[in-house]
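Worksheet for the structure shown next.
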Amino acid sequence: MANKGLQILGFALALLGLIGLIIGTILPQWKMSAYVGDNIITAIAMYEGLWMSCAFQSTGQIQCKVYDSILQLNSALQATRALMIVSIIVTVAGLGVACMGMKCTNCGGDDKTKKSRIAMTGGIIILIGSLCSIVACSWYAHDIIQAFYNPFTPVNTKYEFGSAIFIAWAGAFLAVVGGGMLAASCPRGKPSPKYPISRPPSSKEYV
């Protein structure tokens, strides 16, 4: 059977990963304006996220604008949106399933083998959710790199990685580790005896 402490640690890491995924999805700093070229203007910093774009001025003022139409967004942004939402939903479902199978809870019955299988299933679900977020962040990062090194991209419209994408990556990593610990709750089969069990002699032998 899996150790109770390992299950609690895995659940805590997966929960922290979920919080990181939610924060990273909400924040608009997925990519920030890159200060490259000869004409560098540092008075305004441009940020773009999954839901809005923001302009941070040196005076401390912030102006944000929500994207008007989904159809006007590029494919990378639409796919990242969808995958991050799916990742959060699947991770929440995995945490719910894992909670029922943990040894420190009363849900899922008293059968330890059954509870371990439920916890293992929850860990696998969390791994699937974290995999979706890793794919989303990597896809979005690839789009940033491709646009940055594209010679046809104007210098003043080039972007680099923002803090939100690193938060989402960190959340996905924590969810992977936590889901892996919960998936290690796979129950072991009962070992078969190496020697045949001796039985008392039957009364028919003395007849």
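Note that the numbering runs from 1 along the sequence shown for the chain. Nothing here was measured: the structure is a model prediction, and the numbers come from that model.
Scored by the side-chain contact (heavy atoms from CB on, under 4.5 Å) test, I85 finds W51, I89 as partners (sequence neighbours excluded). Applying the side-chain contact (heavy atoms from CB on, under 4.5 Å) rule to A170 yields no partners; only residues at least two apart in sequence or on another chain are considered. Listed by chain and residue number, nothing satisfies the ring-ring contact (aromatic ring centres under 6.0 Å, His included) test with F11 (two or more places apart in sequence, or in another chain). With sequence neighbours left out, the ring-ring contact (aromatic ring centres under 6.0 Å, His included) criterion links Y159 to no other residue. Residues that satisfy the disulfide bond (SG atoms under 2.5 Å apart) test with C54, not counting sequence neighbours, are C64. Annotation: side-chain contact (heavy atoms from CB on, under 4.5 Å) contacts of L13 (sequence neighbours excluded): L9, L174, V177, M181. Residues that satisfy the side-chain contact (heavy atoms from CB on, under 4.5 Å) test with L77, not counting sequence neighbours, are L50, Y67, L73, N74, Y140.
The cluster map of Ile, Leu, Val, Met, Phe, Trp and Tyr, joined by side-chain heavy atoms under 4.5 Å apart, puts L15 and L182 in the same cluster. I88 and W169 fall within a single hydrophobic cluster, where Ile, Leu, Val, Met, Phe, Trp and Tyr side chains are chained together by heavy-atom contacts under 4.5 Å. Each of V135 and I128 belongs to its own hydrophobic cluster when Ile, Leu, Val, Met, Phe, Trp and Tyr are linked at side-chain heavy-atom distances under 4.5 angstrom. L6 and F173 fall within a single hydrophobic cluster, where Ile, Leu, Val, Met, Phe, Trp and Tyr are joined by side-chain heavy atoms under 4.5 Å apart, directly or via other members. Linking ILVMFWY residues whenever their side-chain heavy atoms come closer than 4.5 Å, directly or via other members, leaves L18 and I134 in distinct clusters.
Applying the salt bridge (Lys or Arg N to Asp or Glu O under 4.0 Å) test to every pair with at least one member in residues 10-25, sequence neighbours left out, gives no pairs at all. Judged as a disulfide (SG to SG under 2.5 Å), not a single pair has a partner in residues 138-176 (not counting sequence neighbours). Residue pairs meeting the salt bridge (Lys or Arg N to Asp or Glu O under 4.0 Å) criterion with at least one member in residues 61-73, sequence neighbours excluded, are K65-D68. Judged as a salt bridge (Lys or Arg N to Asp or Glu O under 4.0 Å), not a single pair has a partner in residues 132-154 (not counting sequence neighbours). Residue pairs meeting the salt bridge (Lys or Arg N to Asp or Glu O under 4.0 Å) criterion with at least one member in residues 15-29, sequence neighbours excluded, do not occur.
Contact record, V86 with C132: CG1-SG, 4.3 Å, taken as the closest heavy-atom pair. Taking each heavy atom of I125 and V97 in turn, the nearest pair found is CD1-CG2, 4.2 Å. What you find for M52 and P28 is that their closest heavy atoms are CG-CB, 3.9 Å. In plain terms, the two heavy atoms of I126 and A175 that are nearest each other are CG2-O, 3.5 Å. Annotation for L21 and S87: closest pair CD1-OG, 3.6 Å, computed over non-hydrogen atoms. The two residues W139 and A79 make their nearest non-hydrogen contact at CZ3-CB, 3.3 Å.
With rounding to the nearest 0.5 Å, the separation of CD1 in I165 from CG in L27 is 12.5 Å. The distance from atom CG of N150 to atom NZ of K158, rounded to the nearest 0.5 Å, is 8.0 Å. Remark: M100 CE to K115 NZ distance equals 9.0 Å, nearest 0.5 Å.
Residues S33 and Y47 fail the side-chain proximity criterion, which asks for heavy atoms closer than 4.5 Å. Side-chain contact check for M46 versus K31: every heavy-atom pair is 4.5 Å or farther apart. For the pair C137 and W30, the minimum side-chain heavy-atom distance is below 4.5 Å.
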M32 vs E48, side-chain contact (heavy atoms from CB on, under 4.5 Å): CA-CA, chis, key distance, verdict: CA-CA 6 Å; M32 57 181 294; E48 288 189 8; over 6 Å; no
Test side-chain contact (heavy atoms from CB on, under 4.5 Å) applied to Q29 and F56, step by step: CA-CA 11 Å; Q29 291 91 353; F56 290 77; 3.7 Å; yes
